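Only a predicted model underlies this, so the values are computations on that prediction, with no experimental measurement involved.
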Amino acid sequence: MRGFLASSTGVTCAAALALPLAPPAAATTAPAPPVTRAAAGPEAYAPGGTQSLPLASRSRDRAPGAAEQGLARRDVRPFSLVGVVWDNPATELHGRVEVRTRATATGAWSAWRELETRNADHAADPGTPESTSGRVRGATAPLWVGESDGVEVRVRAETTPGAARTAPARSRLPGGLRLELVDPGTAAPPPANRARTESAVPAAPAGPAVLPARPARQKTKPHAGPRPRITTRRGWGADEKLRDKGFVYTKKVKAAFVHHSDTGNNYRCSQAPSVIRGIYRYHVNSMGWRDLGYNFLVDKCGNIYEGRAGGVSKPVLGAHTLGFNSNSVGIAVLGTYSSKKPSSAALKAIARLTAWKVGRYGMNPRGKTYLKSGGGNLYPKGEKVRLNVISGHRDGFATNCPGKKLYAKLGTARAKAAAYQGR
């Protein structure tokens with residue numbers, strides 16, 4: 001994602017009791033030895049993990065914040081999602097971050113691929129306990145690369161005009177730059193780690209992997225669409241030990257913010273659970289959030305997935321639209337839609353999900369609503385802002401998210417959602 005302003009912009013939606021989240025620094029590991037490729041066998045449960053590798057200066061400048069940093073090509077343990085983080089979330093990375101990876105299956109190296117650096121607009125609202133926990137980091141958007149066992153990265157600060165008759169200089173980079181290599185694991189966790197049902201009662205037993213579609217109760221909610229089929233956290237294999245204990249709720253759901261995950265489009269729909277597990281680990285272990293930021297996720301085949309824990313029917317407070325997380329729901333379409341059009345299946349899923357979710361609170365998908373800003377680069381804290389009930393991320397923050405092509409289709413999603421509500 002490209003931000004419209006030079007400020008932090010950008011992109012990238014229950015269970016057994018969780019253990020307390022350790023600070024991101026605790027995830028640091030030493031570089032892995034060369035990988036030996038094993039013969040393929042039947043897939044079994046593997047918990048996944050994160051390799052956190054410090055970047056080094058690539059120039060004579062060895063001081064913190066050196067303008068060129070990176071890692072030389074190296075062998076690492078298998079991973080499928082990559083991102084770069086730094087110590088201070090309030091510090092912007094003005095520059096270019098590029099990675100290339102080696103596919104485990106073929107041994108071939110990819111071309112250089114750029115990571116979106118303007119990602120701070122996907123976050124908890126300023127001043128909330130989640131944003132002031134002391135463990136949050138600045139980060140690029142994550143990129144899904146598929147199973148890989150080799151990596152190379154280079155980070156270059158942007159040039160700034162120099163004084164008269166001098167050469168342009170490079171900006172300093174944020175301190176504590178680290179490369180995060182995320183292995184999403186395979187299959188689903190064993191029963192002890194399974195997610196809870198949508199009731200979100202702490203002691204509830206493990207629920208179904210998929211919540212089937214359910215008709216709307218037309219007598220009590222004449223304009224609530226039917227609940228669509230939703231793959232639960234258990235269904236996509238969430239490790240509930242990663243996230244914080246407990247849940248945080250907002251009062252209601254007055255608006256839905258549509259995002260793209262900005263993780264790239266190089267995934268199969270059968271891989272969507274792995275992509276989500278990767279994003280989950282990146283949000284929690286690498287960025288320091290309490291849980292996955294989005295409330296729901298949608299893949300390009302139109303499958304809907306439960307995001308942040310707390311119950312799909314409840315108004316769970318997410319970390320998806322900086323300044324407007326209260327009284328809203330965040331829905332991320334897996335992929336990058338700056339130049340690629342979203343599938344009709346994904347748009348239909350957005351419509352079905354919003355018709356049900358906002359309809360539970362009497363909201364018209366074609367209508368307008370007011371939300372109070374929690375602070376951002378478009379609206380100051382406390383301002384009441386009139387927004388579409390189904391909005392794009394860029395409506396609340398100066399950002400490219402959800403991408404030009406997806407944003408252009410939100411009118412279609414609004415019309416379909418209203419039809420599903422019988423309006």
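- Minimum interatomic distance between Leu371 and Ser328 (heavy atoms only, all atoms of both residues): CD1-CB, 4.4 Å.
- Ion pair Arg135/Asp244 flagged as a salt bridge, since at least one NZ, NE, NH1 or NH2 atom sits closer than 4.0 Å to an Asp/Glu carboxylate oxygen.
- Note that OG1 of Thr263 is 10.5 Å distant from CG of Asn266, once rounded to the nearest 0.5 Å.
- Taking all atoms of both residues into account, the shortest heavy-atom contact from Leu334 to Leu297 is CD2-CD2, 3.8 Å.
- The side-chain tip of Lys348 does not point at the ring of Tyr420 from less than 6.0 angstrom away and within 45° of straight on.
- Side-chain atoms of His94 never come within 3.5 Å of backbone atoms of Glu158 as a donor-acceptor pair (strictly under, hydrogens ignored).
- Within the model, atoms OH of Tyr305 and OG1 of Thr231 stand 5.5 Å from one another, a figure rounded to the nearest 0.5 Å.
- For Asp262 (side chain) and Cys401 (main-chain N/O), no donor-acceptor pair under 3.5 Å exists by modelled atom type.
- Taking the ring axis of Trp112 as reference, the NZ or CZ atom of Arg154 stays within 45° of it and closer than 6.0 Å to the ring centre.
- Salt bridge status for Glu98 with Arg113: absent, with no side-chain N to carboxylate O gap under 4.0 Å.
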- Task: Under the side chain to side chain contact (heavy atoms under 4.5 Å, CB included) rule, what do Leu81 and Val145 come out as? Steps first, then yes or no, please.
- Result: CA-CA 6 Å; Leu81 182 138; Val145 295; over 6 Å; no
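- For the pair Arg73 and Trp109, the cation-pi criterion (under 6.0 Å, within 45° of the ring axis) is fulfilled.
- When all heavy atoms are compared, the tightest approach of Pro184 to Ser274 is CB-O, 3.2 Å.
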- Query: Under the side chain to side chain contact (heavy atoms under 4.5 Å, CB included) criterion, do Thr369 and Val358 qualify, and how do the steps go?
  - Reply: CA-CA 11 Å; Thr369 190; Val358 305; over 6 Å; no
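- Contact check for Tyr337 versus Pro402: no side-chain heavy atoms found under the 4.5 Å cut-off.
- Smallest separation of non-hydrogen atoms from Ala345 and Lys300: CB-O, 3.9 Å.
- To the nearest 0.5 Å, atom NZ of residue Lys357 and atom CD1 of residue Ile304 are 12.0 Å apart.
- Arg277 places a side-chain N or O within 3.5 Å of a backbone atom of Trp236 that can act as its donor or acceptor partner.
- Taking CD1 from Ile390 and OG1 from Thr354, the interatomic distance works out to 3.5 Å, rounded to the nearest 0.5 Å.
- Arg227 places a side-chain N or O within donor-acceptor distance of the main-chain N or O of Pro212, the cut-off being under 3.5 Å.
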- Does the side-chain hydrogen bond (donor to acceptor under 3.5 Å, both in side chains) test come out yes or no for His259 and Thr321, once each step is laid out? CA-CA 9 Å; His259 305 257; Thr321 306; 3.1 Å; yes
- Message: Using side chain to side chain contact (heavy atoms under 4.5 Å, CB included), reason through Ser326 and Asp125 one step at a time and then give a plain yes or no.
- Response: CA-CA 8 Å; Ser326 292; Asp125 289 348; 4.1 Å; yes
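- Here the rule is side-chain contact (heavy atoms from CB on, under 4.5 Å) with Tyr407, and of Val258, Asp395, Asn400 only Asp395 fits it.
- Asp183 and Arg77 are not joined by a salt bridge, as no carboxylate oxygen comes within less than 4.0 angstrom of a charged side-chain nitrogen.
- No side-chain donor from either of His122 and His320 sits under 3.5 Å from a side-chain acceptor of the other.
- For the pair Asn303 (side chain) and Asp299 (backbone), a donor-acceptor distance under 3.5 Å is absent.
- For Glu383 and Lys372, the salt-bridge test fails: no basic side-chain N is under 4.0 Å from an acidic carboxylate O.
- Put simply, the side chain of Tyr249 gets close to the backbone of Gly310: a donor and an acceptor are under 3.5 Å apart.
- No side-chain heavy atom of Val182 sits under 4.5 Å from any side-chain heavy atom of Ile279.
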- Message: Phe296 vs Leu353, test: side chain to side chain contact (heavy atoms under 4.5 Å, CB included). Steps then yes/no.
- Response: CA-CA 9 Å; Phe296 296 93; Leu353 178 57; 3.6 Å; yes
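- The two atoms that bring Ser338 and His260 nearest to each other are OG-CE1, 3.8 Å, heavy atoms only.
- The closest side-chain heavy-atom distance from Phe79 to Glu147 is not below 4.5 Å.
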- Task: Applying salt bridge (Lys or Arg N to Asp or Glu O under 4.0 Å), run through Arg233 and Glu306 and close with a yes or a no.
- Result: CA-CA 6 Å; Arg233 288 171 66 91; Glu306 178 184 13; 5.3 Å; no
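- Taken to the nearest 0.5 Å, the OG atom of Ser343 stands 11.0 Å off from the NZ atom of Lys409.
- Applying the 6.0 Å contact sphere to CG of Asn88 captures more than 12 heavy atoms from other residues, nucleotides or ligands.
- At a threshold of 4.0 Å, the pair Arg308-Glu130 counts as salt-bridged, since one of the basic side-chain nitrogens sits closer than that to a carboxylate oxygen.
- Of the N and O atoms on the side chains of Asp121 and His393, at least one donor lies less than 3.5 Å from an acceptor on the other residue.
- With Thr232 contributing its side chain and Pro208 its backbone, the two residues share a donor-acceptor pair below 3.5 Å.
- Side chain to side chain, Lys368 and Asn388 meet the donor-acceptor criterion of an N or O pair below 3.5 Å.
- No side-chain donor-acceptor contact under 3.5 Å links Thr140 to the backbone of Thr117.
- In this structure, the side chain of Thr128 does not engage the main chain of Ala124 through any donor-acceptor pair within 3.5 Å.
- Taking the side chain as every heavy atom from C-beta outward, Phe324 and Ser373 approach each other to under 4.5 Å.
- Counted within 6.0 Å of NZ on Lys254, heavy atoms from surrounding residues, nucleotides or ligands total more than 12; the atom is thus considered enclosed.
- The backbone N or O of Gly335 sits less than 3.5 Å from a side-chain atom of Ser261, completing a donor-acceptor pair.
- The minimum heavy-atom distance between Leu378 and Gly396, with the atom names listed, is CD1-C, 3.8 Å.
- Salt bridge annotation for Arg178-Asp87: absent, with no cationic side-chain nitrogen under 4.0 angstrom from a carboxylate oxygen.
- A donor atom on one side chain and an acceptor atom on the other are found under 3.5 Å apart for Asn327 and Thr250.
- Atom NZ of Lys416 sits in a sparse spot, with 12 or fewer heavy atoms from other residues, nucleotides or ligands closer than 6.0 Å.
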